[in-house]
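Structure first, then comments.
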Amino acid sequence: MNSVRTRVGRVISFLESSGTDVLAMQEIKCKPDQFPYKPFEDAGYQITLHGLNQWNGVAFASKIEAQDVEIGFTGMPEFKEVQEARAIGATFNGVRLWSLYVPNGRSLDDPHFSYKLEWLERLAAITSETLENEPDLPLALMGDFNIAPLDSDVWDINFFAGSTHVTPQERQAFEAFGQIGLTDVVRPLIPEGYTYWDYQQLRFPRNEGMRIDFVLGSEALAEKVSGASIERDERKGEGPSDHVPVVVELN
DNA sequence: ATGTCGCCTACGAGGCGA
């Protein structure tokens with residue numbers, strides 16, 4: 001979201017117009033005592049969040065009660081000996097959801113890149129363990145994966161030569177979620193379209209975007225999916241986030 | 001035109017991260 005405080009009005013408007021039951025937010029960029037609870041609560045949403053400082057920060061806004069909240073996942077790697085606010089899990093009406101902000105990676109030779117790969121590997125490992133114990137659990141990993149799995153998920157693959165988000169290592173880390181039984185539940189319904197456009201270089205007017213935000217569902221969750229959308233219009237107007245909402249409908 | 005944005009510290013502007 002690139003700051004919930006800056007965009008609270010837009011977020012509430014979206015929640016109300018869409019009728020969203022559960023919103024998974026990433027990059028709220030605030031600590032708990034800085035979160036704008038009141039407008040969410042006035043709109044009928046409960047907040048479940050994990051924020052440590054001005055960086056990262058993940059949260060849920062939900063009409064449904066959040067149960068079994070987990071801050072970070074078991075085995076989540078640290079960066080520079082600090083556990084960052086990049087993962088929060090909770091169960092809503094029996095559906096286990098994770099709001100995830102995967103490390104960016106920065107550049108291929110940066111320690112952040114190996115952190116990103118390790119973070120994804122550990123996430124896949126613990127999720128695999130969860131599903132081995134509960135094969136019928138409706139579960140989704142959702143958020144900013146900072147990976148474009150297909151060349152067509154970026155506007156010009158040549159532009160990304162030597163950059164993060166499109167490397168074989170990152171794509172392999174993404175595909176590992178498929179190997180443990182998760183599927184992208186949006187792609188079959190919405191095969192094309194970006195979820196992110198950089199603020200710089202007039203990327204949005206030029207439609208130079210990236211598809212890097214995903215909802216990866218277990219088999220039991222995928223069976224419930226009745227619809228999906230990518231809310232491109234949310235990138236328009238005054239004060240948008242650089243990402244747009246990805247919506248999944250369950251029955 | 002590095003065609004941007006938001007946070008921080010600290011009071012103006014630079015640093016950081018994306």
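Heavy atoms only: backbone and side chains are in, while hydrogens, waters and symmetry mates are out. Because the structure is a prediction, the values reported are computed rather than measured. Numbers restart at 1 for each chain; the letters A, B, ... are given by sequence-line order, proteins then strands.
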Q) Across the strands shown, which category fits A:R7 at heavy-atom distances under 4.0 angstrom: base, sugar-phosphate, nothing? A)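 Sugar-phosphate only.
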Q. Between A:D153 and A:R187, is there a side-chain N and carboxylate O pair less than 4.0 Å apart?
A.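 Between A:R187 and A:D153 there is a salt bridge, with a charged N closer than 4.0 Å to a carboxylate O.
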Q) Over how many whole Å does the gap from A:R203 atom CZ to B:dA1 atom C1' extend? A)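 Answer to the nearest Å: 14 Å.
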Q: Assign a letter to each nucleotide of nucleotides 7-18 of chain B from its 5' end: B, base within under 4.0 Å of a protein heavy atom; S, sugar-phosphate only; -, no contact.
A: SS-------BSB
Separation between the [atom1] atoms of [N] and [M], rounded to whole Å:
| N | M | atom1 | result |
| --- | --- | --- | --- |
| B:dA10 | B:dC16 | P | 14 Å |
| B:dA18 | B:dG12 | C1' | 24 Å |
| B:dA13 | B:dA1 | P | 25 Å |
| B:dT2 | B:dG17 | P | 22 Å |

Q) Given A:H165 and A:N146, is the side chain to side chain donor-acceptor pair (under 3.5 Å) satisfied, shown in steps? A) CA-CA 6 Å; A:H165 293 59; A:N146 271 316; 2.9 Å; yes
Q: Taking atom CD of A:E219 as the centre, report whether more than 12 heavy atoms of other residues, nucleotides or ligands fall under 6.0 Å from it.
A: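 Check fails, neighbour count at 12 or below.
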Q | Which residues share a side-chain hydrogen bond (donor to acceptor under 3.5 Å, both in side chains) with A:E81, sequence neighbours left out | A |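 Checked A:E81 against side-chain hydrogen bond (donor to acceptor under 3.5 Å, both in side chains); zero matches.
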Q: Apply side chain to side chain contact (heavy atoms under 4.5 Å, CB included) to the pair A:S3 and A:E27, showing each step before the final yes or no.
A: CA-CA 6 Å; A:S3 170; A:E27 253 198 307; over 6 Å; no
Q) Quick one: ring-ring contact (aromatic ring centres under 6.0 Å, His included) partners of A:Y101, sequence neighbours excluded? A)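 With sequence neighbours excluded, A:Y101 shows a ring-ring contact (aromatic ring centres under 6.0 Å, His included) to no residue whatsoever.
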